[in-house]
Every structure is written in structure tokens, then in C-alpha cells.
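Structure first, commentary second.
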Amino acid sequence: MLSLKDLTLHYGHSQILNGISMQAAMGEVTCVMGTNGVGKTSLIKAISGTHPRSAGTLSLDGQDLPVLPAHKLAHLGVAYVPQGREIFPLMTVKENLETGFVCLPPDEHFIPDHIYDLFPVLKDMTSRRGGDLSGGQQQQLAIARALITKPKLLLLDEPTEGIQPNIIQQIGNVIRLLRDQGDMAIVLVEQYFEFAYDLADRFVVLRRGSVVLEGAKSEIAKADVLRGVSV
């Protein structure tokens, strides 16, 4: 589904990503790992179009894409759940979900039942303002909003950050279910090692903006992954 080759990214005169090459396949969770400040969020922003890449190629579903803004990539099936969630605090849960309709044809402007099956708490809070939800509930809302767009590629940036353990478990179960359905590729940026290792089918480990370890979970020893993400 997703293929990157020699992707670089700059913030001003500073080069943050140095020739990143990686792939993310349908029906798999590709986990991007590394210590703080190595470029994980920058990589997700480059893939999502939130911050334009400086060079390199990005292919989606076999098609090489030019540098596109986030809203155009969203229409092509890229959904991004950012670190910090970024739900709309003054809008209701239902209204937050409905913002995903912009990527869909008019006859699909409804909230499917499976969204509430994945996140039952949202059904009970459809009229509550997003800002009144707990951090864990906001994270569930942010993921649900992304799924409304029916993505081919789902990008999750630190979905467990600041979340209580029972919600982390629920989010992990949702990621497994989405992976097993086999109709999307999932790229997960995650610091919580055991959570990430349990879910991942493939690892991409970054250090100083470069890939230092990459491959299928079946090909890489757990100790090597852990060593790659240790300070």
C-alpha cells in the first residue's frame, strides 16, 4: 500500500529526515520506533502531507504521488490520527465524527454502526462536547473520526500517550481487528515498547532521522528492536 524511497524532510535549514525508505503493506501493522527527537512524528507528517517532504518518492497503492497537501491525501485514503488527538473541543462527538464526511460521497454521509461497535463509549456520548471527554475517550474519538473516511492507510502517532491502561487495551484490540480485516495498512508510531511489539508485523527503527533497523517481526530478534530504541 505505502512505499517510501529516499524521503527527506527539512524544517527551515535543518534536515530532520535523511533518505527514509520503508514499506507498509495491507493487513499489517508497521511500527515506527525510536527515542524522542529521532524524527518519528516528522515522518508521519511527511506521509500525511501535514509537512511537505523535501525530496524522495511516496507511492500509494502502486502510484507515485507528487508532494500533495493533507486534504488531497485524505481523499486518496490516507487518515492521520495526530499526537495530541486534535479533536474539536467545542463540537459534539457526533459533529467531530461528521467532519470525516468531507472525504466521502454524499450518499455515504452517515456514521456506520461498526464505528460504535469499535468504540461503544462514543455512542453514549454523541451529544457531549469533545472537550468534555477524558483523554482516553478523546483518543477513541480521534481514531473513530479517521475511520469515518474509510482509509486505505491509517497513521497513528502515539495513540497510548497519557491514556489509562484499560483504554490502551481497548485501542490495541481495535488495531488488531482493523489489521485482521485486511483492507488497510496501518503505520503506528509508539513509545510504549510492549504495546508496539505485541501489535507489530514489521518494524522501522529510526535514529537521528535515519533508518537503523527495518524488517518483518519474524526476521528481527526482540532484543535487537529493544536495543534500537534504547538511549
Side-chain angles (χ1 to χ4, degrees), residues 1-84 86 103 146 149-159 161 175 178-179 183-191 196 199-220 224-225 227-230:
M1 171 50 59
L2 171 72
S3 179
L4 304 180
K5 186 174 181 181
D6 298 329
L7 184 145
T8 64
L9 181 142
H10 290 77
Y11 289 137
H13 295 294
S14 299
Q15 184 166 331
I16 307 301
L17 298 177
N18 310 306
I20 302 292
S21 296
M22 60 170 282
Q23 296 185 356
M26 281 281 197
E28 290 187 359
V29 175
T30 299
C31 190
V32 178
M33 303 183 73
T35 56
N36 285 330
V38 298
K40 303 185 301 296
T41 292
S42 295
L43 176 58
I44 293 294
K45 287 183 175 181
I47 296 171
S48 69
T50 308
H51 188 95
R53 66 187 188 272
S54 306
T57 59
L58 185 155
S59 299
L60 193 66
D61 204 14
Q63 178 183 3
D64 288 349
L65 300 179
V67 177
L68 296 173
H71 70 276
K72 291 192 175 181
L73 285 168
H75 280 278
L76 293 174
V78 179
Y80 173 39
V81 182
Q83 187 177 19
E86 295 185 15
C103 295
T149 67
K150 300 183 178 180
K152 300 175 184 176
L153 173 64
L154 178 63
L155 308 172
L156 301 169
D157 192 0
E158 302 279 7
E161 185 179 44
I175 294 172
L178 296 173
R179 184 260 314 277
D183 57 0
M184 72 174 68
I186 300 171
V187 176
L188 170 67
V189 168
E190 185 53 61
Q191 293 268 45
L199 287 171
D201 298 290
R202 190 170 195 86
F203 293 102
V204 177
V205 178
L206 301 184
R207 184 171 294 164
R208 296 181 181 177
S210 300
V211 175
V212 294
L213 185 65
E214 193 267 342
K217 183 177 182 178
S218 59
E219 301 169 348
I220 303 175
D224 290 337
V225 180
R227 192 178 304 113
V229 300
S230 300

Is a side-chain donor or acceptor of [X] paired with a backbone partner of [Y] at a separation under 3.5 angstrom?
X    : Y    : answer
E158 : Q191 : yes
K40  : T35  : yes
T30  : V187 : no

Mind checking ring pair (Phe, Tyr, Trp, His ring centres under 6.0 Å) for F203 and listing every partner two or more places apart, or none if nothing turns up?
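With sequence neighbours excluded, F203 shows a ring pair (Phe, Tyr, Trp, His ring centres under 6.0 Å) to Y197, given in chain and number order.
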Output the distance between atom [atom1] ([X]) and atom [atom2] ([Y]), rounded to the nearest 0.5 Å.
X    : Y    : atom1 : atom2 : value
I47  : L153 : CD1   : CG    : 7.0 Å
M33  : L213 : CE    : CG    : 10.5 Å
M22  : L2   : CE    : CG    : 5.5 Å
L154 : M184 : CG    : CE    : 6.0 Å

Consider side-chain contact (heavy atoms from CB on, under 4.5 Å). Of L43, V189, V229, which one does L206 pass it with?
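The residue from L43, V189, V229 that satisfies side-chain contact (heavy atoms from CB on, under 4.5 Å) with L206 turns out to be L43.
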Qualifying residue, where the test is side-chain contact (heavy atoms from CB on, under 4.5 Å) with I186 and the options are L155, D201, L178:
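With I186 as partner, side-chain contact (heavy atoms from CB on, under 4.5 Å) holds for just one option, L178.
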Determine whether E28 and M1 make a side-chain contact, defined as any pair of heavy atoms from C-beta on separated by less than 4.5 Å.
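Answer no - side chains too far apart.
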Should P159 and L188 count as side-chain neighbours, where that means a heavy-atom distance under 4.5 Å?
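Side-chain contact under 4.5 Å: yes.
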Return a table of donor-acceptor pairs under 3.5 angstrom between the side chains of residues 57-70 and protein atoms on other chains or two or more places apart.
unit_1	atom_1	unit_2	atom_2	d
S59	OG	D64	OD1	2.2

Could you tell me which residues satisfy side chain to side chain donor-acceptor pair (under 3.5 Å) with E214, sequence neighbours excluded, listed by chain and number?
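Residues passing side chain to side chain donor-acceptor pair (under 3.5 Å) with E214: R202.
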State, to 0.1 Å, how close [X] and [Y] come at their nearest heavy-atom pair, and which atoms those are.
X    : Y   : result
A185 : A24 : CB-O, 3.9 Å
H71  : H75 : O-CD2, 3.0 Å
A46  : R53 : CB-CB, 4.5 Å
S48  : V78 : CA-CG1, 4.2 Å

Is it the case that over 12 heavy atoms from other parts of the model lie below 6.0 angstrom from the NZ atom of K45?
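Not more than 12 within 6.0 Å, no.
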I'd like to check the salt bridge (Lys or Arg N to Asp or Glu O under 4.0 Å) partners of K150; sequence neighbours left out, ordered by chain and number.
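Partners of K150 by the salt bridge (Lys or Arg N to Asp or Glu O under 4.0 Å) criterion, ordered by chain and then number, come out as E108.
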Mind checking salt bridge (Lys or Arg N to Asp or Glu O under 4.0 Å) for D224 and listing every partner two or more places apart, or none if nothing turns up?
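Salt bridge (Lys or Arg N to Asp or Glu O under 4.0 Å) check on D224 returns R227.
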Would you be so kind as to tabulate the donor-acceptor pairs closer than 3.5 Å made by side chains of residues 7-20, with sequence neighbours excluded?
unit_1	atom_1	unit_2	atom_2	d
T8	OG1	A55	N	3.3
H10	ND1	S54	OG	2.9
H10	NE2	Q15	OE1	3.3
Y11	OH	S42	OG	3.1
Q15	NE2	L17	O	3.3
Q15	NE2	N18	OD1	2.9
N18	ND2	R208	O	2.9
N18	ND2	S210	OG	3.4

